[in-house]
Amino acid sequence: MTTTAPTETEDPPETAAEIARHQLDRAASHIDVDPGVVERLKHPKSVHQVSIPVERDSGEMEIFTGYRAHHDSARGPFKGGLRYHPGVTQEECVGLSMWMTWKCAVMDIPFGGGKGGVVADPKGLSEKENERLTRRLAEELRDVIGPMRDIPAPDMGTNAQTMAWFMDAYSMQEGESHPGVVTGKPPVIGGSYGREEAPGRSTAIITREALDYYGKDVEETTVAIQGFGSVGANAARLLDELGANVVAVADVEGAIRDPDGLDTRDVLSHEEEPGMVSGYDAPDNLSNADLLELDVDVVIPAAIGNVLTVDNADNIQADFIVEGANGPTTTRADEIFAEREIPVIPDILANAGGVTVSYFEWLQDINRRAWTLEEVNEELEDEMLSAWNDVRGAYNAYDDVTWREAAYIVGLTRVAKAHEVRGLWP
Ligand code: NAD
């Protein structure tokens, strides 16, 4: 069989795991790190595949396939989302679990990287079927998860209710209540205030700091945001509060623009009211793709992966890109932005508020003491500034690195150090 090499006008096809390994190699080339540790980090510690029998409402049984990838736990228990999506693959879970390792290390929180998923379309499941699937998944994974082993969280297709079922099933089997087995739960059973807004909040905080680094005043900044869900809407509203001019936002159905600035609280998020973004009465309507190419100071992709590609990288007019979504920039687009000297502030820093408040939630669960929203937001601000300072330090210290490489250098240095001091066993 012959394969066609990708042309200059195509992004080479890459899996999440291939992208993650490529990024690891680039970071490792800048620092003095044991090649054995780098090689080790290219592989997950383990990947668990489970078959999940679920009784459909019709009475028939269907078997779903689930995965849980454990990338690295040198710095603490595995941590990462659990997604329900028809496109879930083992390779995707491995790649995403690697990103979680770096994200936790960049934030200097004591977790490693994990990720899991079930090959299922949650829209095709009734609520009861979804509950049965989740409870049986918790049982199938019981030996490899736990508050000190691996702590799942919501991701695509899962939410606070999914986490509540998962926690209940695990606790029932263990014979005692274990709120710390998952994060992203409803506050009434040990979830944290501020968890939902956290990745959007951190994206806004990091945008503010990046602007400040380049001598720009947030109050004189125009921003366009693709995706108006949990990350996008919260980032938009906080940036609006900080004084930025949010001129365009989009959901899956389209984008709206007001050159004088949108009232971001008046536009309902996709979660609040699907379709409300494109249906909003704004001066201009445009497509999702066109939003990314607007002449604004900052563009924030906060919807899905692989939206900044070789096809549009040369047309981007923004001075900065801040990644609210996970993996919105392809490797080739990243190289084009580096050539064009457009700073790309990476996902593993910008949206890391989500896992950081998950860590706060875990602390609250372990200690059996809830924090107020004010405490959560103050601690998040401190953690984000600390991580920003570390990444900025690496960006300044190393010649000719991108912000992504600087973040990877910070993360890899910490993970490699943990491996060195723990040593290889036996
Ligand atoms: P969400 O489902 O709440 O919102 C997604 C938004 O993107 C919606 O407005 C939707 O309409 C829009 N959208 C969907 N498909 C689109 C498309 N093809 N083009 C343009 N817009 C589209 O999701 P979210 O939780 O905000 O997650 C968004 C991104 O942020 C994902 O990449 C996710 O992995 C990442 N992320 C989420 C969290 C979290 O805790 N929620 C944390 C870190 C990173």
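Basis for what follows: all heavy atoms, side chains included, without hydrogens, waters or symmetry-related copies. Remember, it's 1-based here, ligands and their atoms both numbered in the order they're listed.
Ring centroids of His48 and His70 are separated by less than 6.0 Å, placing the two rings close together. Not less than 6.0 angstrom separates the ring centroid of Trp99 from the ring centroid of Tyr408. Less than 6.0 angstrom separates the ring centroid of Phe360 from the ring centroid of Trp371.
Checking Val307, Asn288, Ile348 against atom 19 (N) of ligand 1, the nearest heavy atom belongs to Asn288.
For the pair Gly227 and ligand 1, a heavy-atom separation below 4.0 Å is found. A heavy-atom separation below 4.0 Å is found between Gly324 and ligand 1. In this structure, Arg195 is part of the shell of residues with a heavy atom less than 4.0 angstrom from ligand 1.
Of the charged side-chain nitrogens involved, none lies within less than 4.0 Å of a carboxylate oxygen, so that Arg201 and Glu381 do not count as a salt-bridged pair.
A donor and an acceptor atom, one from each side chain of Glu196 and Ser230, are located under 3.5 Å apart. Using modelled atom types, one finds no donor on one side chain facing an acceptor on the other under 3.5 Å when comparing Arg83 with Thr158.
In terms of polar-atom proximity, defined here as any N/O pair under 3.5 Å, Val231 does make such a contact with ligand 1. Close N/O approach between Arg83 and ligand 1 is not found [any backbone or side-chain N/O within under 3.5 Å]. On a distance-only criterion, Val252 and ligand 1 share at least one N/O pair closer than 3.5 Å. Not one N or O of Gln226 is nearer than 3.5 Å to an N or O of ligand 1, by distance alone. Distances between N or O atoms of Ile304 and those of ligand 1 include no value under 3.5 Å.
The shortest distance between side-chain heavy atoms of Trp403 and Val344 does not fall below 4.5 Å. Taking 4.5 Å as the limit, every side-chain heavy atom of Val298 sits out of range of all side-chain heavy atoms of Lys216.
For Ala303, heavy-atom contacts with ligand 1 shorter than 4.0 Å involve the backbone as well as the side chain. At a 4.0 Å heavy-atom cut-off, ligand 1 does not touch Glu197 at all. Only the backbone of Ala302 comes within 4.0 Å of ligand 1, counting heavy atoms alone; no side-chain atom from C-beta on gets that close.
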Distance-only check: which donor-acceptor pairs under 3.5 Å involve side-chain atoms of residues 104-116, not counting sequence neighbours?
unit_1	atom_1	unit_2	atom_2	d
Asp108	OD1	Arg75	NH2	3.1
Lys115	NZ	Asp155	OD2	2.8

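Residue-ligand proximity, Pro199 to ligand 1, at heavy-atom distances under 4.0 Å covers atoms 38 (C), 39 (C), 40 (O), 42 (C). Below 4.0 Å from some heavy atom of Phe228 lie the following atoms of ligand 1, by number and element: 6 (C), 8 (C), 9 (O).
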